[in-house]
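Reading through the structure tokens given below for one structure.
Below, each value reflects all heavy atoms present in this structure, side chains not excepted, and no hydrogens, waters or symmetry copies. Remember, it's 1-based here, ligands and their atoms both numbered in the order they're listed.
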Amino acid sequence: MKIAGEPSFRDSVDLMFNRATALMDLSPGLQQKIQVCNSTYTVRFGVRLRGKIETFTGYRSVHSEHMEPVKGGIRYALSVNQDEVEALAALMTYKCALVETPFGGSKGGLCIDPRAWEENELEQITRRFAYELIKRDLIHPAQNVPAPDMGTGAREMAWIADQYARMNTSDINGKACVTGKPPHAGGIQGRVEATGRGVQYAIHEFFRHEDDKALAKLSGGVEGKRVIVQGLGNVGYHAAKFLSEEDGAVITAVIEHDGAIINDKGVAIEELRQWITKTGSVKGFSGGEYVIDGAAVLEKDCDILIPAAMEGVINLTNAARISCKLLVEAANGPVTYGADEILRKKGVIIIPDMYANAGGVTVSYFEWVKNLSHIRFGRMQRRAEESRHILLVNELEKLSADKGLGWTMSPNFKDKYLKGAGELELVRSGLDDTMRSAYQAMREVWHGRNDVEDLRVAAYIVSISRVAAAYQSKGL
Ligand code: GLU
């Protein structure tokens, strides 16, 4: 989306990159090598649908191959264009480096309104697009591994994996050619919730640091904090659901493409999601006040604002009126370069996209590893872990009985402690650990240097240093 008077999305990412590199000691040559997008493949293909040939345009952009495979989702939207996929591919490079997933950055997109087509038509279109990318190794377990993004999900990823299997019948690692597959088709537990879960873990980590909270003029925990979420798609829905149902945050407004629902006592996220699934709209939902002007609701006072929809939604036209303390970029690029400057001056703390929404690619990494190892996480150790716990609990109970100590364990404790971790628990634990470590790496730069004023620049510095180190060890 190009906003009048503002740089394009790609240029906005480059300007943010430049703010960081101005504070780094990189050779101009290396800086340029990291910044440029290595290649963008454009494909136009025809599919016979409804009695005539429809032509579609798709892209797969590879930003950096300092590590392979390269990684990044495939987006289905009418607004997809080369500038956008290149910006998103660049963000994938920095995101993967920041959360230490061993991938370069890539992104794909297809100009299509997915709602305009029936499921079987979408399958034909997806398979044809995948065919074009697979035959050029732009989908490949060792070279380029897509995942879901806006407008796509597990269903599309299963079609892509199957298309790859048909074209590479003897590739034993074929399932690792794409992530975000449904669990029955080689996926992993917890991938669907992963990006939203990562947003929750990012907020938890932020709230663990008193001085960071103080900078945002926040205190206490997440409980009771007033949160506004823009976009109730996969990411926004899971983030809002976990923050409200598990952490006690109050979702005071949800903004969607056709208006917003406001409820100062808290919007019931699960009910609203079901309403949207049923009616296709937030309009008519009884659990809050409906407002048609969603853009105005973005400016409503709150503690935490979570844009989880699209790039460029906070820009020069509205940044000055944004009234939150903490802004968590669950979408990619929701704040333009100019808006970022205005928000910083206002004292809004921004948790940047490349960190806040990295939960998706983190769990994609776990799925890719699972596919390559051909075994579910926890399968070997779960019962061994349980047996050792049982041994310990039995021993304690025996000691208590022998010595007449009368110790009893609460049944709740026993249930929880005796249960070995299954795949979902392990995925969440790995994700939580990743989000904590990445935040701490950013934070060290943010507070450790006098010239770094915000988390975004800190995130870029951490990522770019890691990418630079990878290039240097390749001899560049
Ligand atoms: N599309 C998601 C993102 O922007 C996930 C990418 C992936 O899992 O490879 O981060």
Side-chain angles (χ1 to χ4, degrees), residues 9 13 59-64 67-77 80 84-110 133 138-141 143-154 156-158 160-161 175-182 186-188 190-199 201-202 231 233-236 238-239 307-311 328-334 351-371 427 430-431 434-435 438 459 463:
F9 186 12
V13 170
Y59 305 90
R60 186 76 181 160
S61 177
V62 175
H63 174 260
S64 176
M67 281 193 188
E68 282 180 308
V70 293
K71 193 87 190 74
I74 291 183
R75 172 174 292 200
Y76 281 6
V80 162
E84 184 189 60
V85 272
E86 290 189 358
L88 292 165
L91 283 174
M92 283 309 303
T93 295
Y94 310 132
K95 189 186 306 190
C96 289
L98 184 64
V99 293
E100 297 181 286
T101 54
F103 303 129
S106 183
K107 201 79 174 199
L110 188 64
L133 298 181
L138 288 166
I139 296 178
H140 187 283
Q143 294 190 46
N144 198 325
V145 183
D149 199 76
M150 237 173 75
T152 58
E156 285 73 14
M157 302 308 118
I160 293 173
K175 281 212 164 28
C177 77
V178 65
T179 58
K181 302 175 293 293
I188 194 166
R191 176 61 185 87
V192 176
E193 67 166 43
T195 315
R197 184 63 80 185
V199 170
Y201 289 163
N234 183 43
V235 181
H238 282 105
M310 283 228 54
E311 62 263 19
V328 185
E329 295 184 333
N332 286 308
I351 301 191
D353 47 7
M354 73 174 76
Y355 168 70
N357 68 37
V361 76
T362 301
V363 178
S364 276
Y365 168 46
F366 302 154
E367 179 176 333
W368 182 73
V369 170
K370 174 186 178 180
N371 292 152
V427 162
L431 176 59
T434 302
M435 297 308 289
S463 303

**Message:** If the condition is side-chain contact (heavy atoms from CB on, under 4.5 Å), which residues does A77 pass it with, not counting sequence neighbours?
**Reply:** R75, S79, V80, M150
**Request:** Applying salt bridge (charged side-chain N to carboxylate O under 4.0 Å, His left out), name anything that partners E193, two or more places apart in sequence or on another chain.
**Result:** R197, R428
**Item:** Steps toward side-chain contact (heavy atoms from CB on, under 4.5 Å) verdict (S106, M92)
**Value:** CA-CA 6 Å; S106 183; M92 283 309 303; 6.0 Å; no
**Message:** Here's a test for you: under side-chain contact (heavy atoms from CB on, under 4.5 Å), which of I188, T101, N371, T179 qualifies with F366?
**Reply:** I188
**Asked** Just wondering, do M310 and F9 contact through their side chains at under 4.5 Å, heavy atoms?
**Response** no
**Asked** Sequence neighbours excluded, which residues qualify as side-chain contact (heavy atoms from CB on, under 4.5 Å) partners of S64?
**Response** H66, T93, V467, Y471
**Message:** Which protein residues come within less than 4.0 angstrom of ligand 1, counting heavy atoms only?
**Reply:** K71, G72, G73, M92, K95, K107, A147, P148, D149, R191, N332, G360, V361, S364
